[in-house]
Amino acid sequence: MSTAEPVFSNFIRSIIDEDMANGKWAGRVATRFPPEPNGYLHIGHAKSICLNFGLANEYGGTCNLRFDDTNPSKEDVEYVDSIMDTVRWLGFDWQDRLYYASDYFEKLYQYAEALIQKGLAYVDDSTPEEIRAARGTLTEPGQHSPYRGRPTQENLDLFRRMRAGEFPDGSRVLRAKIDMASPNINLRDPTIYRIKHVHHHRTGDQWCIYPMYDYTHCISDALEGITHSICTLEFEDHRPLYDWCLDQLPVPCHPQQIEFARLNLEYTLMSKRKLLLLVQEGHVAGWDDPRMPTLVGLRRRGYTPGAIRAFCERIGVAKRDSLIPMELLEKAVRDDLNLTARRVMAVLDPIKVVIDNYPEGQVEHFEAPYFPDDPPAMGNRPVPFGRELYIEREDFMEEPPKKFWRLAPGREVRLRWAYFVTCTHVVKDDQGRITEVHCTYDPATKGGDAPDGRKVKGTIHWVSAAQSLLATVRLYDRLFTHANPAADKEHDWRQLINPESLKTLTWARLEPSLASAQPGEMFQFERKGFFCADLEEHAAGKPVFNRTVTLRDTWQKIVAADKGK
RNA sequence: UGGGGUGUCGUCAAGCGGUAAGACACGGGUCUUUGGAACCCGCAUUCGCAGGUUCGAAUCCUGCCACCCCAGCCA
């Protein structure tokens, strides 16, 4: 379905190549995709998924799916189910390697006792405020906690009692004893366990202490035999802690953490928190609203897994912050759909056309190819033609500008697959609004070719008024008016939501072949764009289509350029 | 005035001492029963800036500048 993309060099591939050459991991490549089940996956996660699973595939290695579920107060099974669906939909397979950090709670706990035994961790009775105050600042070192010197046995006893549920939330934590004067704040005795009397979606009420990310992630990686632990840039500062934990503990191996720049896409947001607010505050219809950058949203919009994979490969992987143009994502779907979507005709904003010299009541059917670039590939469908048709309102102009090639008084155009027609006159209502465009057709041009060799500059799409299907069509545009809404300092990001991000057309007209369209099916509405039958609301007799992306529109560019002058 | 990163075309991004890949965008053209697609051509004498080393530097050295991240019992 998608053509193979060329493989580009990037710094992670270089690291792996070198490891392969040195035999560092005995030719093994093991990665993992480690989402926290606290939200829906978005296009930024797709970059990470494609990277981790992609690398594993390329090097004949493995990629695990591991839920980083160490904070039960934010997590839910709703999210784990959705994440698994989405990763599969994207086209990746973790086979039998589905893991949860919570599977390691007991081991993690034993390792923590080992740390205490080594004098490298202690129970701190300070309040969260006291801990914060003693942490120091970016330029000043922190102060030792009064509990830092607690004897090993006391630490062990207290930690066991923490596990046993003897203490309330927030009363104590277990901290790694590293260096309160470190210029790297992550090394100033980081908290590795906290007390939370919270029900966990997998372990239930088995635990009331939960390990922190830094402590959990490195050990989970080691337990799974991960070779290359790929994460985003903000964890660069955490790498010394990742390495410290693994150096102190008798873990099976020591994976290498590698950081890359996460994806930023123009005209949208990638923050899980803000995406949640978009949903909660009703700015969008849900996580799968086709305007959302979530993968469920993109899927409902009509984006294909192949397009998303191609996009992720094309944007590359590096360490510098970047903002990717929306056009690149759009280009990726167009490239994919251009090869796979059947071409049909649909009139989004109809205006009636009457062919005055066409016999009243007559209907004929044209066999139109679904894929004109290679007709045998997808076959034909019959398209009815009659005296009354609809064409796109914007395909007619009473006073056409210079480069306008479409219908206008006295102008002859081709009705795709049908006849040449010439506009004779228009009929208007009281308001002066055009209600009908009258034409004559040339019977000799049946099929769309003139036997006399006469050429016509414009070809427009149409549907037969009598046989067309009334449909709802949703036109989606970028969700925000600002290319980087998260970076705008002047406005709250909510003020930057594009009021025209959704236009719902309820009077669109479809050619009758579309009556059998199934939810999720993709089509190209010729000259308008790629559309998909809505996954949720499309039904036979009540068609609902979403515009995935427009076609490249040179005419609009000309119009815009003229306006700019 | 702490630490960690990053600066190569409008936007991404290769390049790893031998004389600036590619993609998107953009401009021009061919073709076209989608102003789509396809195809062709063009598009950084220059790599944040300033010095230095070298026969030779985007690549090495020195200094400077800009931007991003870090003070959760979040991940």
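The chains referred to below are lettered A, B, ... by the order of the sequence lines, with proteins before strands, and numbering in each begins at 1. Note that this is a predicted model, so its numbers are computed, not measured.
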Q: On a whole-Å scale, what distance lies between the P atoms belonging to C65(B) and U11(B)?
A: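 Their P atoms lie roughly 24 Å apart.
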Q: Please compare Gly316(A) and Glu236(A) by the position of their nearest nucleotide in RNA chain B and report the one closer to 5'.
A: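 Here Glu236(A) is the residue nearer the 5' end.
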Q: For nucleotides 8-10 of chain B, which of its nitrogen or oxygen atoms have a protein nitrogen or oxygen under 3.5 Å away, and what is each distance?
A:
{"from": "U8(B)", "atom 1": "O4", "to": "Arg320(A)", "atom 2": "NH2", "distance (Å)": "3.3"}

Q: Does Ser9(A) put a side-chain nitrogen or oxygen below 4.0 Å from OP1 or OP2 of G15(B)?
A: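 Yes, such a contact exists.
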Q: The criterion is salt bridge (charged side-chain N to carboxylate O under 4.0 Å, His left out); which residues satisfy it with Arg172(A), sequence neighbours excluded?
A: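 Partners of Arg172(A) under the salt bridge (charged side-chain N to carboxylate O under 4.0 Å, His left out) test: Asp125(A).
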Q: I'd like to know if Lys74(A) pairs up with Glu36(A) as an ion pair, taking the criterion as any Lys NZ or Arg NE/NH1/NH2 lying under 4.0 Å from an Asp or Glu carboxylate oxygen.
A: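 The answer is no: the pair does not qualify as a salt bridge.
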Q: Between Tyr210(A) and Phe105(A), does the ring centroid distance fall short of 6.0 Å?
A: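 They qualify: ring centres under 6.0 Å apart.
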Q: Between Pro34(A) and Tyr213(A), is any pair of side-chain heavy atoms under 4.5 Å apart?
A: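 Pro34(A) does not reach Tyr213(A) side chain to side chain.
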Q: Mind checking what makes side-chain hydrogen bond (donor to acceptor under 3.5 Å, both in side chains) contact with Glu166(A), not counting sequence neighbours?
A: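 Here the qualifying residues are Arg161(A).
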Q: Partners of Glu392(A) by side-chain hydrogen bond (donor to acceptor under 3.5 Å, both in side chains), sequence neighbours excluded?
A: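 Result, side-chain hydrogen bond (donor to acceptor under 3.5 Å, both in side chains) vs Glu392(A): His461(A).
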Q: Looking at Asp189(A) and Ile178(A), would you say the former's side chain and the latter's main chain have a donor-acceptor pair under 3.5 Å?
A: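 Indeed, once roles are kept as given, a pair shorter than 3.5 Å links the two residues.
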Q: Is there a side chain to side chain donor-acceptor pair (under 3.5 Å) between Thr268(A) and Arg478(A)? Walk through the geometry before answering.
A: CA-CA 7 Å; Thr268(A) 190; Arg478(A) 34 194 63 155; over 6 Å; no
Q: For the side chain of Asn184(A) and the base of G4(B), is some donor closer than 3.5 Å to an acceptor across the two?
A: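 No such pair is found, so the answer is no.
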Q: Taking the side chain as everything from C-beta on, heavy atoms only, tell me whether Asp349(A) gets closer than 4.5 Å to Glu394(A).
A: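 The answer is no, as the side chains (C-beta and beyond) never meet within the 4.5 Å cut-off.
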Q: Using the P atom in both, what is the distance from A13(B) to U30(B), to the nearest Å?
A: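 My reading of the P atoms in A13(B) and U30(B) gives 36 Å.
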Q: Would you tabulate the pairs of protein nitrogen or oxygen atoms and nucleotide nitrogen or oxygen atoms of nucleotides 72-75 of chain B closer than 3.5 angstrom?
A:
{"from": "G72(B)", "atom 1": "OP2", "to": "Arg135(A)", "atom 2": "NH2", "distance (Å)": "3.1"}
{"from": "C73(B)", "atom 1": "OP1", "to": "Arg135(A)", "atom 2": "NH2", "distance (Å)": "3.2"}
{"from": "C73(B)", "atom 1": "OP2", "to": "Arg135(A)", "atom 2": "NH1", "distance (Å)": "3.4"}
{"from": "C73(B)", "atom 1": "N3", "to": "Gly170(A)", "atom 2": "O", "distance (Å)": "3.4"}
{"from": "C73(B)", "atom 1": "N4", "to": "Ser126(A)", "atom 2": "O", "distance (Å)": "3.0"}
{"from": "C73(B)", "atom 1": "N4", "to": "Pro128(A)", "atom 2": "N", "distance (Å)": "3.2"}
{"from": "C73(B)", "atom 1": "N4", "to": "Gly170(A)", "atom 2": "O", "distance (Å)": "3.0"}
{"from": "C74(B)", "atom 1": "OP2", "to": "Arg194(A)", "atom 2": "NE", "distance (Å)": "3.1"}
{"from": "C74(B)", "atom 1": "OP2", "to": "Arg194(A)", "atom 2": "NH2", "distance (Å)": "2.8"}
{"from": "C74(B)", "atom 1": "O3'", "to": "Arg194(A)", "atom 2": "NH2", "distance (Å)": "3.2"}
{"from": "C74(B)", "atom 1": "O2'", "to": "Asn71(A)", "atom 2": "ND2", "distance (Å)": "3.0"}
{"from": "A75(B)", "atom 1": "OP1", "to": "Thr70(A)", "atom 2": "OG1", "distance (Å)": "2.6"}
{"from": "A75(B)", "atom 1": "OP1", "to": "Arg194(A)", "atom 2": "NH1", "distance (Å)": "3.4"}
{"from": "A75(B)", "atom 1": "OP1", "to": "Arg194(A)", "atom 2": "NH2", "distance (Å)": "3.0"}
{"from": "A75(B)", "atom 1": "OP2", "to": "Tyr213(A)", "atom 2": "N", "distance (Å)": "3.0"}
{"from": "A75(B)", "atom 1": "N6", "to": "His238(A)", "atom 2": "NE2", "distance (Å)": "3.4"}

Q: Compare the aromatic ring of Phe8(A) with the six-membered base ring of G22(B) and state whether they stack according to the 5.5 Å and 30° rule.
A: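 No; centroid distance or tilt outside limits.
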Q: Heavy atom of residues 366-377 of chain A under 4.0 Å from RNA chain B: which residues?
A: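 RNA chain B contact set from residues 366-377 of chain A: Asp373(A).
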Q: Under 4.5 Å between any side-chain heavy atoms of Tyr419(A) and Phe366(A), yes or no?
A: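 When only atoms from C-beta onward are counted, Phe366(A) and Tyr419(A) do touch, with a gap below 4.5 Å.
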Q: Of the candidate nucleotides G35(B), U6(B), G4(B), which contains the atom at the shortest distance from the side chain of Arg406(A)?
A: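 Ranking G35(B), U6(B), G4(B) by closest atom to the Arg406(A) side chain puts G35(B) first.
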Q: What are the residues of residues 547-555 of chain A, sorted by number, that bring a heavy atom to within less than 4.0 Å of RNA chain B?
A: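 Per residue number, the list reads Leu551(A), Arg552(A), Thr554(A), Trp555(A).
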Q: Please enumerate all residues that pass salt bridge (charged side-chain N to carboxylate O under 4.0 Å, His left out) together with Asp452(A), with sequence neighbours excluded.
A: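 With neighbours one apart ignored, the set is Arg454(A).
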Q: Below 30° counts as parallel, above 60° as perpendicular, anything between as tilted: where do the rings of Tyr109(A) and Trp207(A) land?
A: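 If you compare the ring of Tyr109(A) with that of Trp207(A), the planes turn out tilted.
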Q: Just the rounded figure in Å: distance from P of U6(B) to CG of Asp237(A).
A: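 So the two atoms are 12 Å apart, to the nearest Å.
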Q: Table please: side-chain donor-acceptor pairs of residues 238-245 of chain A below 3.5 Å, with sequence neighbours left out.
A:
{"from": "His238(A)", "atom 1": "ND1", "to": "Asp214(A)", "atom 2": "OD1", "distance (Å)": "2.8"}
{"from": "His238(A)", "atom 1": "ND1", "to": "Asp214(A)", "atom 2": "OD2", "distance (Å)": "3.2"}
{"from": "Arg239(A)", "atom 1": "NH1", "to": "Glu259(A)", "atom 2": "OE1", "distance (Å)": "2.8"}
{"from": "Arg239(A)", "atom 1": "NH1", "to": "Glu259(A)", "atom 2": "OE2", "distance (Å)": "2.7"}
{"from": "Tyr242(A)", "atom 1": "OH", "to": "Asp221(A)", "atom 2": "OD2", "distance (Å)": "2.7"}
{"from": "Asp243(A)", "atom 1": "OD1", "to": "His254(A)", "atom 2": "NE2", "distance (Å)": "2.7"}

Q: Any chance you could lay out the side chain to side chain donor-acceptor pair (under 3.5 Å) test for Asn184(A) and Ser182(A), step after step, and finish with the verdict?
A: CA-CA 5 Å; Asn184(A) 181 343; Ser182(A) 172; 5.4 Å; no
Q: Step by step, work out the side-chain contact (heavy atoms from CB on, under 4.5 Å) result for Arg13(A) and Asn10(A).
A: CA-CA 5 Å; Arg13(A) 287 186 176 120; Asn10(A) 67 47; 3.3 Å; yes
Q: Under 4.0 Å from OP1 or OP2 of G35(B): is there any side-chain N or O of Arg527(A) that close?
A: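 Indeed, a polar side-chain atom of Arg527(A) lies that close.
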Q: Among residues at least two apart in sequence or on other chains, which ones pass side-chain hydrogen bond (donor to acceptor under 3.5 Å, both in side chains) with Arg202(A)?
A: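 Partners of Arg202(A) under the side-chain hydrogen bond (donor to acceptor under 3.5 Å, both in side chains) test: Asp103(A).
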Q: Could you measure between the two P atoms, the one in C64(B) and the one in A23(B), and give it in whole Å?
A: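 These two P atoms come out 40 Å apart once rounded.
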Q: Pairs under 3.5 angstrom only: tabulate donor-acceptor contacts from the side chains of residues 321-334 of chain A to other protein residues two or more places apart or in another chain.
A:
{"from": "Lys331(A)", "atom 1": "NZ", "to": "Asp335(A)", "atom 2": "OD1", "distance (Å)": "3.1"}
{"from": "Arg334(A)", "atom 1": "NE", "to": "Thr550(A)", "atom 2": "O", "distance (Å)": "2.7"}
{"from": "Arg334(A)", "atom 1": "NH2", "to": "Thr550(A)", "atom 2": "O", "distance (Å)": "3.3"}

Q: Is Lys528(A) close enough to G36(B) that one of its side-chain N or O atoms is under 4.0 Å from OP1 or OP2 there?
A: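 Looking at the OP1 and OP2 atoms of G36(B), neither is under 4.0 Å from any side-chain N or O of Lys528(A).
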Q: Has the side chain of Glu327(A) got a donor or acceptor that lies under 3.5 Å from a partner of the other kind on the base of U11(B)?
A: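 Counting by modelled atom types and ignoring angles, no donor-acceptor contact under 3.5 Å is found here.
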Q: Distance between the P atoms of G22(B) and C31(B), in whole angstroms?
A: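 The same atom, P, in both gives a distance of 27 Å.
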Q: Could you run through nucleotides 38-44 of chain B and give me one letter per nucleotide, 5' to 3': B if any protein heavy atom sits under 4.0 Å from the base, S if only the sugar-phosphate is that close, - if neither?
A: -------
Q: Between P on G35(B) and CG on Asp562(A), what's the gap in Å once rounded to a whole number?
A: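 Distance check: Asp562(A) CG to G35(B) P gives 18 Å.
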